[in-house]
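Heavy-atom basis, side chains included; hydrogens, waters and symmetry copies ignored. Chain A is the first sequence line, chain B the second, and so forth, proteins listed ahead of strands; every chain is numbered from 1.
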2 protein chains.
Amino acid sequence: MRDVAVVARVSIKTVSNVVNNHPHVHPTTRSRVEKAITELGYRPNFSARGLRSGRTGVIGLAVPELRQNYFAELADAVIAAAEKRSLSVIVGQAGRDRQHEINVLANGLRQTDGLLFSPERLGTEDSAMLDDIDYPLVLLGERIFGGPTDHVTMDNITAARAAVQHLAEKGRTRIAVLGAHPDRREGQLRAADLRVRGYREGLALAELPHDRQLERAVAPWHQEDGARATNELLESGVEFDAIFALNDTLALGALRALGRSGRHIPDDVAVIGFDNITDGRFTLPSLSTVDAGRDEIAETAVAMLVERIDWGSGVRRPPRLHKAHFDIIERESTGGAPARPIDLGAGAK
Amino acid sequence: MRDVAVVARVSIKTVSNVVNNHPHVHPTTRSRVEKAITELGYRPNFSARGLRSGRTGVIGLAVPELRQNYFAELADAVIAAAEKRSLSVIVGQAGRDRQHEINVLANGLRQTDGLLFSPERLGTEDSAMLDDIDYPLVLLGERIFGGPTDHVTMDNITAARAAVQHLAEKGRTRIAVLGAHPDRREGQLRAADLRVRGYREGLALAELPHDRQLERAVAPWHQEDGARATNELLESGVEFDAIFALNDTLALGALRALGRSGRHIPDDVAVIGFDNITDGRFTLPSLSTVDAGRDEIAETAVAMLVERIDWGSGVRRPPRLHKAHFDIIERESTGGAPARPIDLGAGAK
DNA sequence: GTGAAAGCGCTAACAG
DNA sequence: CTGTTAGCGCTTTCAC
């Protein structure tokens, strides 16, 4: 910067003004400085800028694993939302073990102004940690009650209820659920627990009996786990005519297992997932699902985080909760018609 | 840091030594400093450290779009490889338009020590840009000849040839290829162009005729594009008994379109993709594919980038090229047996 | 409109 | 083993 100043025969301050698009710089001076900048190939040092301003212009996003399509799409949306605000995003994967998540939550991601955190293994028992957080934080996807932290999530219970109701309206009476958490304890509020609760409420509303055998614990929520759980369900001999998978990835596994077992979807078994990942549009049959408002979640979360950052650590602000809208997307796996024109195969009857 | 020093009654330097795990610090002093650190909740400022050292400890990864599963899995692998070296990763999505890619390439990602760049829209005509790059850069996934830049890629031609040979060995003679680049010009070396070249070579080796009508231009490489192209192929009336999709995502779209048209896979049409994304293991039928060595690519690329960073901008080092190993993965879509035990459905015949 | 000087938090160099 | 000093590149006063 000093070199630029020398070449342009101005002071360092003026160079700074030009770089930061400050008003009140004489056009002639400005162009002279700009010329010097290109000439010397000058590029501002953001570390230094950050040192001065206390801001890095970078936010962190911690997800369990990017290879789960939902989180990849979420990251996509978060990065896009951040870019609109000239922020970049450091992405961390913390879901592989609990300790890793604890470390991330305790320290944030280095070099960032704040963190969007989507926990996988932390639960209500860890909510005490939240009191010690001294950096801007917004939690995604789950509600840990009583915490002092902003949350962006959706109404898991109501959405799950709606999914079950959708199946019930299709005349299904033996609805299995895939993805309950293996060690379910009272008071937990993981997405899995909330959705199972919604499932039960949905059954009750539809006046369907609740059969424990139809509640299948599955973790993690990968495709192979969905396939395995479906196979177990088939082998168990329990009757069922629908599956509600607690996320789309599980549902894709279920689709495969059902297909291989010779079951017809949706005639023998209807399937609905949760998340509305892109893949679900192009399976055969295409996958009905709950659209969980991913883009709204990303946009809101980034906006909230930016506000927290701008407020600084001075005033304590009350925690906020945003619940994104959801939608039931009916596709072929629950009897919906194929979408036109793209995913309707030629010659389809 | 000064506060910590005061509380621990040592100098700032000693605090620094403790924080950086320097040797030659008296255990007593160390513990006193550590106590002060927790007491005050001190956390080092990485901007300042970066300012001093000229390093940020952050690398950039620019991919076209994270929502394409291949890139999500690549990002996953890159982040994991970076974490092993205590680096974090800023992920940018630059593939939406060409100008965006040019900007990223020209400037790198701010706040980073170097960039891993997987271009989507840039081609050989842009290779001149590479001469002006003044930061550590490693290109992923495509070879732009003659550049001064490190590349990590795979042998697209040979791999594509092997895929075609695999189909030929299965007795297929009318092999369509999905995903050729729409404006194909000579001298281009995009993955699409190289793979088409491999396709042609594979046909020649198998002594199969080359039919231009079986070469389908498709862009971008999303599932819907694969489905659409397959429908067009079906409607065109051209005979074919196999599809080689230039990536798995296209192949998934093809699987759906073929299924809806009533074609049986692999009996009527065999399908092979490219990339070995996780989804391909759980479709019905599961998808044969070319494993493109994603993890090897990520690991090598990060290692190369770290070397470039360590070398500094002083000496000009010659560009390096690493080609990852590839494998043909035979699954059901080309007649392979289902994998045991997970994705074999119960009751499968 | 522009310049001069101070200082953000840290580490490297050197001294003790 | 520990302390002192200087300076990384930038922005922010405050003068002019």
Side-chain angles (χ1 to χ4, degrees), chain A residues 1-37 40-58 86 107-108 110-113 134-135 309-310 312-314, chain B residues 1-37 40-58 86 107-108 110-113 134-135 309-310 312-314:
Chain A
M1 197 161 187
R2 200 186 51 235
D3 299 345
V4 174
V6 170
V7 170
R9 281 172 303 134
V10 294
S11 79
I12 292 182
K13 165 64 178 160
T14 306
V15 179
S16 171
N17 284 341
V18 171
V19 170
N20 293 292
N21 270 317
H22 271 278
H24 310 310
V25 179
H26 195 87
T28 320
T29 320
R30 176 181 296 277
S31 64
R32 209 169 62 227
V33 170
E34 277 163 352
K35 181 154 161 289
I37 285 177
L40 279 80
Y42 164 79
R43 290 220 308 273
N45 176 322
F46 289 91
S47 286
R49 186 177 287 179
L51 179 56
R52 200 74 190 82
S53 65
R55 297 281 172 79
T56 62
V58 182
S86 301
N107 303 311
R110 47 158 79 175
Q111 298 268 56
T112 57
D113 295 332
D134 57 350
Y135 60 85
I309 293 169
D310 285 344
S313 50
Chain B
M1 197 160 186
R2 201 185 52 236
D3 299 345
V4 174
V6 170
V7 170
R9 280 171 304 132
V10 294
S11 79
I12 291 184
K13 169 62 179 162
T14 305
V15 179
S16 172
N17 284 341
V18 170
V19 170
N20 293 289
N21 269 317
H22 270 278
H24 310 311
V25 179
H26 194 88
T28 321
T29 319
R30 176 181 297 277
S31 65
R32 208 169 62 227
V33 170
E34 278 163 351
K35 181 154 161 289
I37 285 177
L40 280 86
Y42 165 79
R43 289 220 309 273
N45 175 323
F46 288 91
S47 287
R49 186 178 288 180
L51 179 55
R52 202 73 191 76
S53 66
R55 298 281 173 78
T56 62
V58 183
S86 301
N107 303 312
R110 48 158 78 176
Q111 296 268 56
T112 58
D113 296 331
D134 57 350
Y135 59 85
I309 293 169
D310 285 344
S313 51

Rounded to the Å, how far apart are [X] [atom1] and [N] [atom2]?
{"X": "Lys13(B)", "N": "dA13(C)", "atom1": "NZ", "atom2": "P", "value": "10 Å"}
{"X": "Ile12(A)", "N": "dA5(C)", "atom1": "CD1", "atom2": "C1'", "value": "10 Å"}
{"X": "Arg52(B)", "N": "dT5(D)", "atom1": "CZ", "atom2": "C1'", "value": "11 Å"}
{"X": "Asn20(A)", "N": "dT2(C)", "atom1": "CG", "atom2": "P", "value": "15 Å"}
{"X": "Arg49(A)", "N": "dG7(C)", "atom1": "CZ", "atom2": "C1'", "value": "17 Å"}
{"X": "Asn17(A)", "N": "dT12(D)", "atom1": "CG", "atom2": "C1'", "value": "11 Å"}
{"X": "Asp113(B)", "N": "dC8(D)", "atom1": "CG", "atom2": "C1'", "value": "15 Å"}
{"X": "Asn45(B)", "N": "dG9(C)", "atom1": "CG", "atom2": "P", "value": "7 Å"}

So, is Ser16(B) close to the dC10(C) phosphate, meaning a side-chain N or O under 4.0 Å from OP1 or OP2?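 No, no such contact exists.
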Regarding [X], tell me which of base, sugar-phosphate or nothing describes its non-hydrogen contacts under 4.0 Å with the strands shown.
{"X": "Val10(B)", "answer": "sugar-phosphate"}
{"X": "Ser53(B)", "answer": "nothing"}
{"X": "Ser47(B)", "answer": "nothing"}

Closest-nucleotide 5' rank along DNA chain C - winner of Tyr42(B) and Ser11(A):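 On the 5' side of the pair lies Ser11(A).
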Is any side-chain heavy atom of Val58(A) closer than 4.5 Å to a side-chain heavy atom of Gln111(A)?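 Contact flag for Val58(A)/Gln111(A) side chains = no.
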Does the side chain of Tyr42(A) reach to within under 4.5 Å of the side chain of Val19(A), using non-hydrogen atoms?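 Side-chain contact under 4.5 Å: yes.
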Map Val25(B) and Ala48(B) onto DNA chain D by nearest heavy atom, then report which one ends up closer to the 5' terminus.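 Comparing both residues, the 5'-ward one is Val25(B).
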Can you tell me how far NE2 of His22(A) sits from OG of Ser16(A), rounded to the nearest 0.5 angstrom?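 With rounding to 0.5 Å, OG (Ser16(A)) is 6.0 Å from NE2 (His22(A)).
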Kindly compute the distance separating OG (Ser11(A)) from CG (Asn17(A)), expressed to the nearest 0.5 Å.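 Going from OG on Ser11(A) over to CG on Asn17(A), the span is 7.5 Å.
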Among the candidates dT2(C), dC10(D), dG9(C), find the nucleotide nearest to the side-chain atoms of Pro44(A).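 Of the candidates, dC10(D) comes closest.
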Arg9(A) atom CZ, over 12 foreign heavy atoms within 6.0 Å: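 No, because the 6.0 Å sphere around CZ of Arg9(A) holds 12 heavy atoms or fewer from other groups.
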